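Bear in mind that the values here come from a model prediction, so they are computed numbers and not experimental data. All chains are named by letter (A, B, ...) in the order of the sequence lines, taking the proteins before the strands, and each is independently numbered beginning at 1.
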2 protein chains.
Amino acid sequence: MGQTAHEHGTTAVFASVEKACRERGLRLTPLRRQVLELILQAGGPVKAYDLLDSLKTSHHSAAPPTVYRALDFLLENHFIHRLETRNAYVSCFHPEASHSGQFLICEQCDQVTEINAPEMTQGVLKAAAEQGFKPSKEVVEVYGTCRKCIE
Amino acid sequence: MGQTAHEHGTTAVFASVEKACRERGLRLTPLRRQVLELILQAGGPVKAYDLLDSLKTSHHSAAPPTVYRALDFLLENHFIHRLETRNAYVSCFHPEASHSGQFLICEQCDQVTEINAPEMTQGVLKAAAEQGFKPSKEVVEVYGTCRKCIE
DNA sequence: TTTAGACCGCTATATTCTAGCATTCAGAGC
DNA sequence: GCTCTGAATGCTAGAATATAGCGGTCTAAA
């Protein structure tokens, strides 16, 4: 359960994003495609201004809005996630499903693993219900040490 | 369970922070005290630059580091929390206990409720264990609609 | 082929936070 | 009390992150 886009195969993710765009009538323009590629290639969290620097090498006119607009598109359509605690962006390994992201972030190696923990979601729902609160989106980012860095 | 510092009584929180400082040998300087007061009075999430503006009225020399250093002190000692998704700061309703913050954030009225949901923490621990991940800190921020705004 | 809306180029600027260094202050040890 | 050390603050500058706004261009649908 816990997988990175990298492990999942960037080409597979790419194909599934393209499929989703066709189905939902979304325009995966060259710019958006390139930003998504950069995030997939990174295999981990990327900062907006690093993306901008990368873009600039092939796209002289790139400016902050260039990147942020592409990121907005990818975020809105759940093709990537934003790591709120890091101001960074990561690819999403199952772009078909609409979901909130839950992440394990290693403080030693910065590796990020997206998880899907129904118990956690249940806990959120239960706690929210006790407060009469109707949840729409949850942000879960857990810091710690990953398996590799423990060994 | 689920309480805001405001409901809990700002003076009570204040007293408990003062007690904690005495016990741990921390210096609750006038500046830090004032920043804490401002956050308590706000009764909800406050932005650093709003604190700065408030400070400036009584403290002409206040600059960004003035606020951020006070916030750092308060955060380190768990007297306040930072809402990662909002770049905002909220008071902590039980400063004695060391804990990670879990928050319900209303998208209509911006009210923030700190909760303590063991099931959620259990869910995090279980999911982490499956990955061989050793968690040290969790950030949970749930967006939605609060009871009042549903009515 | 026209046209509305989406997309992009571009400049500027807002917002959030940190670095770095000088000065002042509080408390520990004498 | 006096000195000394580390903590706290004053202050300037600037880094890092993100958005506003406007005009031009492209796309897809009527």
Side-chain angles (χ1 to χ4, degrees), chain A residues 17-18 21-39 42 45-77 79-90 110 139 141, chain B residues 17-18 21-39 42 45-77 79-90 110 139 141:
Chain A
V17 167
E18 284 187 320
C21 285
R22 272 196 309 276
E23 287 172 1
R24 303 187 218 157
L26 302 171
R27 290 170 56 191
L28 187 61
T29 64
L31 212 41
R32 292 166 174 177
R33 176 187 303 266
Q34 194 180 351
V35 169
L36 177 59
E37 269 173 359
L38 288 169
I39 295 173
V46 206
K47 309 285 249 167
Y49 274 69
D50 290 341
L51 290 171
L52 179 53
D53 287 343
S54 300
L55 267 189
K56 273 179 178 166
T57 65
S58 69
H59 190 110
H60 179 64
S61 70
T66 314
V67 170
Y68 282 105
R69 287 194 288 226
L71 289 172
D72 285 345
F73 169 84
L74 296 170
L75 286 168
E76 271 168 21
N77 295 292
F79 298 146
I80 62 172
H81 293 289
R82 179 181 149 85
L83 281 188
E84 297 290 342
T85 52
R86 293 239 158 145
N87 301 326
Y89 304 85
V90 291
D110 286 336
V139 173
E141 300 182 11
Chain B
V17 167
E18 285 187 321
C21 285
R22 273 196 309 276
E23 288 172 0
R24 303 187 219 158
L26 302 171
R27 290 169 59 191
L28 188 60
T29 65
L31 210 42
R32 291 165 175 178
R33 176 187 303 265
Q34 194 179 351
V35 170
L36 177 59
E37 269 172 0
L38 288 168
I39 295 172
V46 205
K47 309 284 249 167
Y49 273 68
D50 291 340
L51 290 171
L52 179 53
D53 287 342
S54 301
L55 267 190
K56 273 180 179 166
T57 66
S58 68
H59 191 113
H60 179 66
S61 69
T66 313
V67 169
Y68 282 105
R69 289 194 288 227
L71 289 172
D72 285 345
F73 169 83
L74 297 169
L75 286 169
E76 271 168 20
N77 296 291
F79 298 145
I80 62 172
H81 292 289
R82 179 182 148 86
L83 282 187
E84 297 291 341
T85 51
R86 292 238 160 147
N87 301 329
Y89 304 85
V90 292
D110 285 337
V139 173
E141 299 183 14

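- Between Thr66(B) and Ser61(B) the shortest heavy-atom distance is OG1-O, 4.3 Å.
- For the pair Leu31(B) and Tyr49(B), both in contact range of DNA chain D, the more 5′-proximal nearest nucleotide belongs to Leu31(B).
- We find that CG of Leu83(B) is positioned 12 Å from P of dC17(C), with the value rounded to whole Å.
- In terms of position on DNA chain D, the residue among Ala88(A) and Thr29(B) whose nearest nucleotide sits closer to the 5' end is Thr29(B).
- Between Leu26(A) and the choices Glu23(A), Arg22(A), Arg24(A), the side chain to side chain contact (heavy atoms under 4.5 Å, CB included) rule is met once, by Arg24(A).
- For Arg69(B) and dG10(D), a side-chain-to-base donor-acceptor distance below 3.5 Å is present, hydrogens and geometry of angles not being considered.
- Judged by distance alone, the side chain of Ser54(B) and the main-chain N or O of Asp50(B) form a donor-acceptor pair under 3.5 Å.
- Across all strands, Arg86(B) comes closer than 4.0 Å to no nucleic acid atom at all (heavy-atom distances).
- Rounding to whole angstrom units, CG of residue Leu28(A) and C1' of dC8(C) are separated by 15 Å.
- dT16(C) atom P lies 12 Å from atom CG of Leu71(B), rounded to whole Å.
- Between Leu75(A) atom CG and dT17(D) atom C1' the separation is 14 Å, expressed in whole Å.
- Annotation: of the two residues near DNA chain C, Ala48(B) and Arg32(A), the 5′-most nearest-nucleotide partner is Arg32(A).
- When rounded to the nearest whole Å, the span between NZ of Lys47(A) and C1' of dA15(D) equals 12 Å.
- Proximity of residues 51-65 of chain A to DNA chain D (heavy atom under 4.0 angstrom from any strand atom) is restricted to Pro64(A), Pro65(A).
- Each of Tyr89(B) and Phe73(A) has a nearest nucleotide on DNA chain C; the 5'-most of these lies closest to Phe73(A).
- Arg27(A) has no side-chain polar atom (N or O) that falls below the 4.0 Å cut-off from OP1 or OP2 of dC8(C).
- Smallest separation of non-hydrogen atoms from Arg27(A) and Arg32(A): O-NH1, 2.7 Å.
- Rounded to whole Å, atom P of dC17(C) lies 9 Å from atom CD of Glu84(B).
- Under the 4.5 Å side-chain criterion, counting only non-hydrogen atoms from C-beta, Tyr68(B) is not in contact with Leu52(B).
- From Asn87(B), atom CG reaches atom CD of Glu84(A) across 8.5 Å, with rounding to the nearest 0.5 Å.
- If you measure from atom CG of Leu26(B) to atom P of dA7(D), you get 12 Å, rounded to the nearest angstrom.
- Minimum interatomic distance between Ile39(A) and Val90(A) (heavy atoms only, all atoms of both residues): CG2-C, 3.8 Å.
- Close to dT18(C), at under 4.0 Å from its OP1 or OP2, lies no side-chain N or O of Tyr68(B).
- Straight-line distance from the CG atom of Asp72(A) to the P atom of dA20(D): 10 Å, rounded to whole Å.
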